[in-house]
Amino acid sequence: MTEQASGLLMVLTGNGKGKTTSAIGQAIRAAGNGMKVCFIQFIKGGDWKSGERQVMERLADLVDFRVMGRGFTWKSDDPEKDRALASEAWAYATDAIASGQYRMVVLDEFTYVINYGMVDQDKVFEVLGKRPPGVHIVITGRDAPLELVDIADLVTEMREVKHPFKKGIKAQRGIEF
Ligand code: ATP
Ligand code: MG
């Protein structure tokens, strides 16, 4: 296969488990090929040290790993603060995409940011659509909006066939975080 310069817009969505872990795998593959990666987690926040964070922070020369949310949800106690953090993270992402420093930019859980209207949607689609030619973008999260699916080059939907949560098995270190 010939190498292409064109950066892909890849969307990992659906209700089944595997979106973020797939994006991590993609980032590792790119980084292993010497492609610098910017990986931004929009929802998870604070000092929380997930397994992926601990490994990615050891790869700092290859991956710029940013945890920029504070664990916000629709039940947030401070929606204004969440919105401000989402804007800040999106500004960081916009710069990362435009900077020419990264060959891949991962926007983890970004569909929620779009769907909850935490950032200007028109602006989001403009930035994604006009990304520099060599930059791959990976977006994860449930309920990818149709407009995003429309402009994406690759969309994979994780479909839940079984999940241990359904039989009461709680999230565990090494599997969920
Ligand atoms: P992962 O990070 O393991 O790849 P994900 O990114 O696909 O999962 P998210 O929608 O971001 O999943 O949800 C994060 C958490 O929710 C994970 O701990 C995951 O195991 C759990 N989860 C994912 N799918 C389901 C499901 N169908 N039922 C219950 N919990 C789920
Ligand atoms: Mg996820």
Side-chain angles (χ1 to χ4, degrees), residues 8-32 37-59 62-77 79 81-83 85-90 92-94 96-97 102 104-119 121 124 128 136-149 151-177:
L8 301 174
L9 176 56
M10 299 179 264
V11 176
L12 306 168
T13 191
N15 289 330
K17 173 173 156 63
K19 300 171 289 294
T20 295
T21 45
S22 169
I24 292 164
Q26 194 66 69
I28 294 279
R29 177 175 285 168
V37 178
C38 180
F39 197 116
I40 303 173
Q41 292 201 313
F42 279 80
I43 304 278
K44 291 144 203 164
D47 303 324
W48 180 245
K49 287 275 187 185
S50 64
E52 59 265 36
R53 184 174 185 176
Q54 297 186 64
V55 167
M56 293 296 204
E57 285 178 355
R58 290 198 214 166
L59 304 178
L62 297 170
V63 182
D64 174 17
F65 193 80
R66 302 267 155 181
V67 183
M68 301 195 75
R70 60 173 197 119
F72 64 74
T73 63
W74 53 94
K75 286 192 288 190
S76 172
D77 54 351
K81 176 90 179 155
D82 291 344
R83 190 174 293 273
L85 283 174
S87 299
E88 199 184 307
W90 170 239
Y92 192 88
T94 306
I97 292 166
Y102 302 103
M104 180 178 287
V105 178
V106 182
L107 311 176
D108 188 34
E109 320 298 349
F110 192 59
T111 59
Y112 305 99
V113 174
I114 304 175
N115 289 337
Y116 291 133
M118 305 187 88
V119 288
Q121 297 195 5
V124 165
L128 297 176
H136 301 290
I137 297 182
V138 181
I139 295 177
T140 84
R142 294 174 190 212
D143 304 313
L146 268 184
E147 205 174 340
L148 182 62
V149 170
I151 63 167
D153 300 294
L154 178 151
V155 180
T156 295
E157 184 173 349
M158 309 293 167
R159 185 170 66 87
E160 182 195 322
V161 177
K162 276 181 142 183
H163 194 288
F165 187 74
K166 289 273 156 68
K167 54 177 178 186
I169 300 175
K170 290 202 192 95
Q172 53 187 303
R173 180 164 287 281
I175 304 296
E176 265 86 23
F177 52 89

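Both ligands and their constituent atoms are indexed starting at 1 by order of listing. For reference, positions follow the sequence shown, starting with 1.
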What's the spacing between Glu109 CD and Gln41 CD if we round to 0.5 Å? 7.0 Å
Ignoring hydrogens, what is the shortest heavy-atom contact between Ala152 and Val11? Give both atom names and the distance. CB-CG2, 3.7 Å
Please find the pair of heavy atoms, one from His136 and one from Leu8, that lie closest to each other, and give the distance. ND1-N, 3.0 Å
Under a 3.5 Å threshold, yes or no: a donor from one side chain and an acceptor from the other, between Asp108 and Thr20? yes
Would you compute the distance between atom CZ of Phe39 and atom CZ of Arg53 and round it to the nearest 0.5 angstrom? 12.5 Å
Sequence neighbours left out, what passes side chain to side chain contact (heavy atoms under 4.5 Å, CB included) with Thr94? Give chain and number order. Trp90, Val127
Quick one, Val37 with Leu62, criterion side chain to side chain contact (heavy atoms under 4.5 Å, CB included). Give me CA distance, side-chain angles, the key distance, then yes/no. CA-CA 6 Å; Val37 178; Leu62 297 170; over 6 Å; no
If the criterion is any heavy atom closer than 4.0 Å to an atom of ligand 1, which residues make the list? Asn15, Gly16, Lys17, Gly18, Lys19, Thr20, Thr21, Glu109, Tyr112, Arg142, Glu160, His163, Phe165, Glu176
Any protein N, O or S atom under 2.8 Å from the Mg ion (ligand 2)? Found Thr20 OG1, Glu109 OE2
Phe177 atom CZ, neighbour heavy-atom count above 12 within 6.0 Å: yes
Which residue pairs pass the salt bridge (Lys or Arg N to Asp or Glu O under 4.0 Å) test with at least one member in residues 162-177, sequence neighbours excluded? Glu160-Lys166
